[in-house]
*Asks:* 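There's a structure below that I have some questions on.
Numbered from 1 within each chain, the chains take letters A, B, ... in sequence-line order. Predicted, not measured: the structure shown is a model, and the values here were computed from it.
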Amino acid sequence: MADRALSLTAAGLAVGIGLLLLAPLAALGLGLQGFSLAPAELAALRFTLWQAVLSAGLSVALAIPVARALARRRFRGRDLLISTLGAPFILPVIVAVLGLLAVFGRAGWVNQTLTGLGLSPVSIYGLQGVVLAHVFFNMPLAVRMILHGWQAIPAERFRLAASLGFSPADTMRHIERPMLRAVLPGVALVIFVICLTSFAVALTLGGGPKATTVELAIYQALRFDFDLAGAARLALVQFALCTAAYAVATRLALPTGFGAGQGRAGGPPAPKGWPLRLDVLVIIFAAMFLALPILAVVLDGLPGMLDLPPQVWQAAARSLIIALASTAISLGVALTLALAAARGRNWPGFAASLPLAASSLVLGTGLFLILQPYFRPASLALPVTMAINAALSLPFAFRILAPEARSLFDDYNRLTSSLGITGFARLRFVVLPRLSRPLGFAAGLVAALSMGDLGVIALFAGEGEATLPLLVQRLMGAYRIQTAASAALLLVSLSFALFWGFDQWGRRHASA
Amino acid sequence: MLQLDRVQARFDDFTLAADWQVPKGARVAVIGPSGAGKSTLLSLIGGFLMPDQGRVLWQGRDLTREDPGARPMTTLFQDQNLFPHLTIAQNLGLGISPSLRLTAADYDRIEAALAHTGLAGFGTRKPAQLSGGQQSRAALARALLRDKPILLLDEPFAALGPALKREMLGLVTLLADETGATVLMVTHDPAEARTFAPLTCLVEGGIAHAPQATAALLDNPPPALADYLG
């Protein structure tokens, strides 16, 4: 009986997810008047594809030497560095952009050095800036995935190579290159898909006819031109793009797991001499590339932390409410679907991954078209953002919970049902305690993602509804860089505190 | 009386049929080759699997459609009999109230059941802090608290050494004598069947045969059982 209630709830939620995604698409389709793309829209499409290709290619190319250095060297702080590579996933985009501006911007550290040396400064705006920011976010992801590939090569393979007297070039050719050939396409594709939906980066570092992504073009069509038909057209283009990319990505066997192992015995050979010097340089360079922008935000933001204007605190409160609410929604839905999936069904997993085909601005535009005849968009900014953040983080939460829910079912379902533990008692005494670790981790991820999200809120919010990331962006736009840096520091602190808090809660309650 | 009324179950790779009954208070060993369906038989009785045809009855009451937790029986599984995140007292408490709403009197009963199974004072510990034998005792103590007329043992002591196993069987016998429970016990060991169970059900060739007197069956085994016993 309890099983049936769970299945019905899960099925209802699955239908709800489908509707939440389909209704905006239907609205977009109805908003259409003929389908021919204007030259500016075609340019946006071209730029979106081109920057995604460049970002994926560069991220992967730069990640290979870093992953190799991490795979074959052991040093103090290595484990810390590897875990830190996971941090960009929950780092708010706007904070990273601010940090990159401080390092690579017009008056940034790099350009100061260049002009000091009598060289001409480089610009961070346009294609190069967009790609730079994407590499900042995705190179660490690529390193982790490729490192995982390296660590998955059995130590015996390297032992055999050593006994046969392989040179490093032989080892590369016979062992490492086949691994890379298997792993790299998947890594590049994942990054390509992520970069297709880039909005906040394009909003801050791109723009103009030469550097506008489709996502950004949607925003401009709605916010500046109030061109509903144009926004609908672009949103459908974006949806088709994401769906196609996602379909290809699921067909291609993706490298599994983001967790890299920690120092198992017998990795690849670690040659001395110039390869060692090169590895040291590579690791220092990668660590600095990731750390300097964050350090810049901390240094710039810290002095102003004590006299932040009240609007920053109000925005922070709004962001916290949105983050907590979308976490509750996302986790509730993900847990229900994961428990249903644990009973050997496939549809809950399918429903939970549907949002991967949509993007924040696509859903936002659809909801905008549905709601704007009846409501003032600004009055719905917070609930719409909550719902879309919850939907877009659902695939991540589900993937974290599903395997654990499965083993809970396999291990304890017979005992639980033989004792007649059902309903709320089952949730309270069996499910929540047994799943608290993945629940805490997933809640931390969802809360941090939602806290730092700068997407649909930009479509709906007026003056009084800005979330903290949007406010940081507006402060930057108004050249109040000092205040922006302090607000960004507050934002990143809150994001990581949310992640840390939820994750710790999960670990503390995961006993035995 | 526990009755399997023309029970038929078909699974991907094999079928199992049973059509027999045993009186209340009977002690039945379930013996047969690996993969023949001994655990499946217990799962059908316990309600974890549904038969395609036939009924499972207890004292004339049809159990076939009832949830496992609603059936008048307790199952001890091969493993995972305790929740590792709950204390021993809570694990036992689940046998009294599945929602763990326990009165002071309930806690007294838990303490008494622990004492009865040689676990006095272990209530506040977690299962991981107990030895394998103590964990089995805790599971038995909960069966005692649930006080159901049927006890299904799906090799819960398989991981214990011979001496501990004998000790646990002794405890089961003691508890079954006290409560008058009907016991079905899966076993691989003919000696175990002889000491514990007057009746033995042979499971082989897709059939759970009607229980027969253990001694007679083992002294004069049919060919399939003879092959299995070696």
*Asks:* Is the number of heavy atoms from other residues, nucleotides or ligands under 6.0 Å of B:Phe11 CZ greater than 12?
*Replies:* yes
*Asks:* On the six-membered ring of A:Phe424, is A:Arg428 placed so that its NZ or CZ lies under 6.0 angstrom from the centre and within 45° of the ring axis?
*Replies:* no
*Asks:* Determine whether the aromatic ring centres of residues A:Phe499 and A:Phe89 are separated by less than 6.0 angstrom.
*Replies:* no
*Asks:* At a heavy-atom separation under 4.5 Å, does B:Arg101 approach chain A through its side chain, its backbone, both, or neither?
*Replies:* neither
*Asks:* Non-hydrogen atoms of chain A under 4.5 Å away: do they reach the side chain of B:Arg142, the backbone, both or neither?
*Replies:* side chain
*Asks:* Can you say whether B:Leu86 sits under 4.5 Å from chain A via the side chain, the backbone, both, or neither, judging by heavy atoms?
*Replies:* side chain
*Asks:* Under 4.5 Å heavy-atom distance to chain A, tell me which part of B:Leu82 shows up: side chain, backbone, both or neither.
*Replies:* backbone
*Asks:* Could you pull out the closest heavy-atom pair between B:Pro84 and A:Tyr412, with the gap in Å?
*Replies:* CD-OH, 2.9 Å
*Asks:* CG of A:Asn346: more than 12 outside heavy atoms within 6.0 angstrom?
*Replies:* no
*Asks:* With chain A, which of B:Gly47, B:Gly69, B:Gly46 has the greatest number of heavy-atom pairs at distances under 4.5 Å?
*Replies:* B:Gly69
*Asks:* Which answer fits B:Thr74, side chain, backbone, both or neither, if we ask what part of it has an atom under 4.5 Å from a heavy atom of chain A?
*Replies:* neither
